[in-house]
Amino acid sequence: MQLPFQMITGVFSLMANPRFALYVFLGSVAGLFVGAIPGLSVSMATALLVSITYTWQTGDAMATIMGVYVVGVFSGAISAILINIPGAPSSVVTTLDGYPMARRGEAARALRYATIYSFVGSVFGLLVLAVLAGPVSAVAIRFQPMDYFLLSLFGLMTVGGLSVKSFTRGLFSALLGIFFSLIGLAPILGTPRLTFGIQPLKAGIPTVPALVGLFGFAEVLTLVAGGIADGEVSEIPPQKIPLREILREFPRSLVSCAIGAFVGALPGAGGPVASFLAYGQAKRMVANPSRPFGEGACEGIVASESANNACIGGALIPMLTLAIPGDAVTAIILSVFTVHGLRPGPTFLRTDALHFYEVLAGGFLGCLFLLLLGLLVAPRLSRVIRVPKRILLPIVAVLSVIGAYATGRRLFDVGLMLFFGALGFLLRRRGFPVAPITLGLVLGSMMDGNFRRALSLASTAENPLAALFGRPATLILLAAILLTLVLHLPRGRQKAERKRQDF
Amino acid sequence: MLLLAVALLAHCLVKTGSLRQKTAFAMSPYFFPVILAGCAIFLGALLLLSGLRTSGEETPRGTVRLPDLMIILALSVAYDALLPHIGFLPATALYLLLSVFWLGERRIFILLPVSFVTPALLYLLFRTGLGVRLP
C-alpha cells in the first residue's frame with residue numbers, strides 16, 4: 001500500500017509546480033469549452049489529445065488530460081442547464097431539473113449548484129482513488145490470467161446497463177469491439193488474422209483513429225443527419241445565491257458521491273449509469289424537495305453532478321491497478337499511457353509511483369480550476385455555446401482528421417477514422433451503444449492473450465478444470481458474471497423496470 | 001448483424017482449417033474469434049427474435065436528412081483522398097468552404113473567413129504550436 005506521507009508530499013509537490021499547474025489549467029479551459037458545446041465531447045477531446053501529446057513529456061500530457069477530464073465532465077452540465085442539450089452523456093440527468101430551473105430564470109443558481117457539487121464529487125472520487133488504489137493493487141497482483149480474462153468479461157457485461165434490449169445490444173457492441181482488436185498479426189504464430197488481404201491491416205486497428213471516429217466523426221454525422229437546428233439558449237440574469245443555502249445539500253451529496261465512485265469503479269459502467277442511479281436514490285431519500293423532481297429541484301442537480309464527477313476517481317481505480325478501463329474516457333486515457341510507454345496494472349503504483357501522483361495531482365488541481373472556472377466563467381459561456389452547428393461541425397470533422405493522422409502518420413488511419421465514424425453513426429441509429437466498442441477494442445487483445453495463457457497453463461496441470469476455475473477469486477468473478485446475466489434475464493428485468501417506471 | 005456474425009464464423013472456421021502449422025485448435029489464432037462469432041450469432045438471434053416480437057411497437061426514430069448526410073460523408077472521403085495530392089491547407093479550405101456552404105451558411109463574410117482563416121489557425125496551432133504533424 002502507498003505510504004500516505006509519500007503520496008501526500010508527492011502530490012502536493014506536483015500541485016505546487018507552476019509548469020504542471022499551467023498544463024492542468026490549459027486542459028481545464030479546453031475541457032470547459034469542449035464539454036459545454038454540444039457536438040464536442042470529453043471522449044473526443046481526450047482521443048485528440050492522445051495524438052497531440054504524443055511527443056510531450058509524460059507529466060505534461062497527464063496534467064493536460066486530467067484537466068480536460070475533470071472539467072469536461074462538469075461542463076456538460078452547462079449546456080444541459082442552458083439549452084437542455086447535455087454536453088456529455090453523464091449530464092443527461094442534469095437536464096431534468098437544470099433546464100426547468102433555467103426556464104424559471106434561475107440559471108445562475110442551477111449552475112452554482114452544478115459547479116459546487118461537481119467539485120465535491122470530483123474530490124470525493126479522487127480521495128477514494130488515493131485510498132483504494134493500493135489495496136486493489138495488492139489483491140490484483142495475485143490474479144492469474146483466467147482472473148484477468150473473467151474480469152474483462154465482467155466489465156464488458158456491465159456496459160449494457162438498463163434493459164434487456166440494451167444489455168444484449170451492449171454486449172453485441174462489445175463483441176464487435178473485441179473483433180476489431182483481433183485484426184492484425186496473431187500472437188505466437190504471427191499469421192495475419194481477419195485482415196481479409198488488406199495489407200495495412202496487418203499492423204492491426206490502431207485505437208486512436210477508431211476512437212476519434214466513434215466519438216468525433218460519428219457525432220458530426222449524427223448531428224448532420226438529425227438537422228442543424230441550434231438550441232434556444234436561456235439567459236442568465238444575475239442572482240445572489242447564499243453559499244449557506246447551497247451547502248445545505250452537502251450531507252446528502254455524499255451518498256450520491258459514494259454511488260458515483262462505486263459505479264465508476266465497475267469496469268464498463270460510467271457517468272450516465274452513476275447519475276441515473278444517484279438521481280433515483282435522491283428521489284427516494286428526499287422527503288420534501290425544494291420542488292418536485294423533474295420540475296427544477298436543486299436536489300436533482302446535486303445528485304446527478306456529485307455522482308457523475310465522483311465517477312472520475314472511481315473509473316481510474318481499475319484503469320490504473322488492473323489496466324481495465326472504468327469507462328470510455330479512461331479507455332482512451334489508457335492509450336495515452338501506452339503511447340508514453342507506461343503499463344498500468346498491479347505493479348503500476350510501485351514501479352511508476354510518480355505517474356500515479358501526476359494523475360492525482362492533475363485531478364485535484366483540475367477540481368480547483370473546476371470551481372474557479374465554474375463560478376467565474378461558466379455563467380458567461382452562453383454566447384460561446386451559440387456557435388452555429390453548420391460552422392462547428394465541419395471544423396470538428398477537420399479536427400477528427402488531424403487526430404486520426406497525428407499518431408501513426410498514415411492516411412490509411414484517416415480512412416479508418418471515417419469508417420468507424422460511419423459505423424458509430426449506423427450503430428447509434430439502430431440503438432446500439434458505441435462505448436462498449438471502445439472497451440472491446442481496448443480489452444480485446446488482452447482478453448485473447450490471457451485466455452490463451454490460461455489454457456496453456458491448464459493444459460500442463462494435473463486437473464485442468466481446477467487449474468482454470470479452482471481459485472476463490474476466479475469463482476467470485478464467475479459468480480459475478482452469472483449474477484449479471486441472471487439480473488438481465490427478461491423476468492428479472494421486468495421487475496426492475498417496473499420499479500424504475502417511477503423514475 | 002446476425003448474417004455478419006454467421007459470415008465471420010464461417011471465415012474463422014475456414015481459416016482455422018487451412019492453417020499450415022499443425023497446432024491444437026485451442027491454441028490456433030482463430031480459437032477466440034470462433035468463440036466470439038458463436039456468441040455474436042447467439043446474441044444476433046436474440047435480437048432478431050426480440051425485434052420480431054416487438055415489430056408492431058416500433059418507436060419512431062426520427063427523420064434522417066439523407067442528402068446532407070451523404071454529401072458530408074462524400075466530402076469527407078474526397079477530403080481524405082485530396083490530402084496527399086494538394087496538402088493540408090488547400091484541401092481543408094476547400095472542404096470547409098463546401099461543407100459549411102452545404103449545411104446552410106450563405107453569408108460571405110462568415111463563409112470565407114471560416115474556410116480560409118480556420119485552416120491557417122489550425123496549422124499554426126497544431127504544427128507550429130503543438131508540434132503535431134499534419135497530413
Side-chain angles (χ1 to χ4, degrees), chain A residues 51-56 164-165 168-169 171-172 175-176 178-179 182 185-189 191 193-194 196 217 220-221 224-228 388-391 393-395 397-402 405-406 409 411 414-415 417-418 421-422 425 429-432 444 447-448 451-452 455-456 459, chain B residues 1 5 8 11-12 15 19 21 23-24 26-33 35-37 39-40 43-44 46-47 50 54 61-66 68-69 72-73 75-77 79-81 83-84 88 92 95-96 98-100 102-105 110 114 118-119 122 126 130-135:
Chain A
S51 319
I52 292 167
T53 61
Y54 177 57
T55 53
W56 292 10
V164 175
K165 203 176 184 185
T168 319
R169 286 171 187 232
L171 267 188
F172 199 94
L175 283 180
L176 206 53
I178 297 174
F179 258 117
L182 299 179
L185 293 180
I188 302 170
L189 292 180
T191 50
R193 179 170 62 175
L194 299 171
F196 304 101
F217 194 64
V220 170
L221 294 178
V224 166
I228 312 288
K389 289 201 188 69
R390 59 184 177 272
I391 296 172
L393 294 179
I395 295 175
V398 171
L399 288 173
S400 301
V401 167
I402 294 172
Y405 179 83
R409 295 184 203 164
L411 283 165
V414 178
M417 184 277 293
L418 295 176
F425 167 73
R429 286 292 303 176
R430 305 303 300 177
F432 287 83
M447 287 177 76
D448 182 27
F451 191 64
R452 286 158 170 276
L455 287 180
S456 176
S459 67
Chain B
M1 293 290 182
L8 269 166
H11 172 81
C12 293
K15 280 289 185 182
L19 278 175
Q21 294 93 336
T23 180
M27 297 311 289
S28 89
Y30 284 93
F31 180 58
F32 199 47
I35 293 181
L36 291 179
C39 293
L43 288 174
L46 274 181
L47 286 170
S50 131
T54 58
R61 245 182 268 123
T63 53
V64 173
R65 297 168 67 98
L66 207 52
D68 288 349
L69 183 65
I72 293 299
L73 202 47
L75 283 173
S76 302
V77 172
Y79 175 41
D80 181 25
L83 278 168
F88 175 77
T92 306
Y95 175 76
L96 286 175
L98 293 173
S99 326
V100 175
W102 180 264
L103 290 176
E105 186 55 66
I110 298 219
V114 166
T118 307
L122 288 174
F126 285 98
L130 298 170
V132 174
R133 285 289 294 269
L134 295 174

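So you know, we letter chains A, B, ... as the sequences are listed, proteins then strands, and number each from 1. Just so you know, these numbers come straight off a predicted model, no measurement behind them.
Once rounded to the nearest 0.5 Å, the distance linking CD1 of A:Ile391 with OG of B:Ser99 reads 12.0 Å. Atoms CG and CD1, from A:Leu393 and B:Ile72 in turn, are 8.0 Å apart once rounded to the nearest 0.5 Å.
Contacts between B:Ile110 and chain A at a heavy-atom distance below 4.5 Å involve the side chain alone, from C-beta outward. Residue contact with chain A, scored on non-hydrogen atoms closer than 4.5 Å, involves the backbone and the side chain of B:Ser76 alike. Interface remark: B:Leu122 contributes side-chain atoms only to the contact with chain A (heavy atom separation under 4.5 Å). A:Leu221 touches chain B through backbone and side chain together, each having a heavy atom under 4.5 Å away.
Here the options are A:Ile395, A:Val401, A:Val398, the test is side-chain contact (heavy atoms from CB on, under 4.5 Å), and the partner is B:Thr92; only A:Val398 passes. Checking B:Val114, B:Leu103, B:Asp68 one by one against A:Arg390, the side-chain contact (heavy atoms from CB on, under 4.5 Å) holds for a single residue, B:Leu103.
Listed here is the closest heavy atom pair of B:Leu69 and A:Ala225: CD1-CB, 4.1 Å. In plain terms, the two heavy atoms of B:Ala40 and A:Phe172 that are nearest each other are O-CE1, 3.5 Å.
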CA sep, side-chain torsions, deciding dist, call: A:Tyr405, B:Leu83, side chain to side chain contact (heavy atoms under 4.5 Å, CB included): CA-CA 11 Å; A:Tyr405 179 83; B:Leu83 278 168; over 6 Å; no
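When B:Val100, B:Leu73, B:Asp80 are compared by the number of non-hydrogen pairs under 4.5 Å with chain A, B:Asp80 comes out ahead.
Residues A:Val414 and B:Tyr79 fail the side-chain proximity criterion, which asks for heavy atoms closer than 4.5 Å. Annotation: side chain of B:Ile35 is in contact with side chain of A:Phe451 (closest heavy-atom distance under 4.5 Å).
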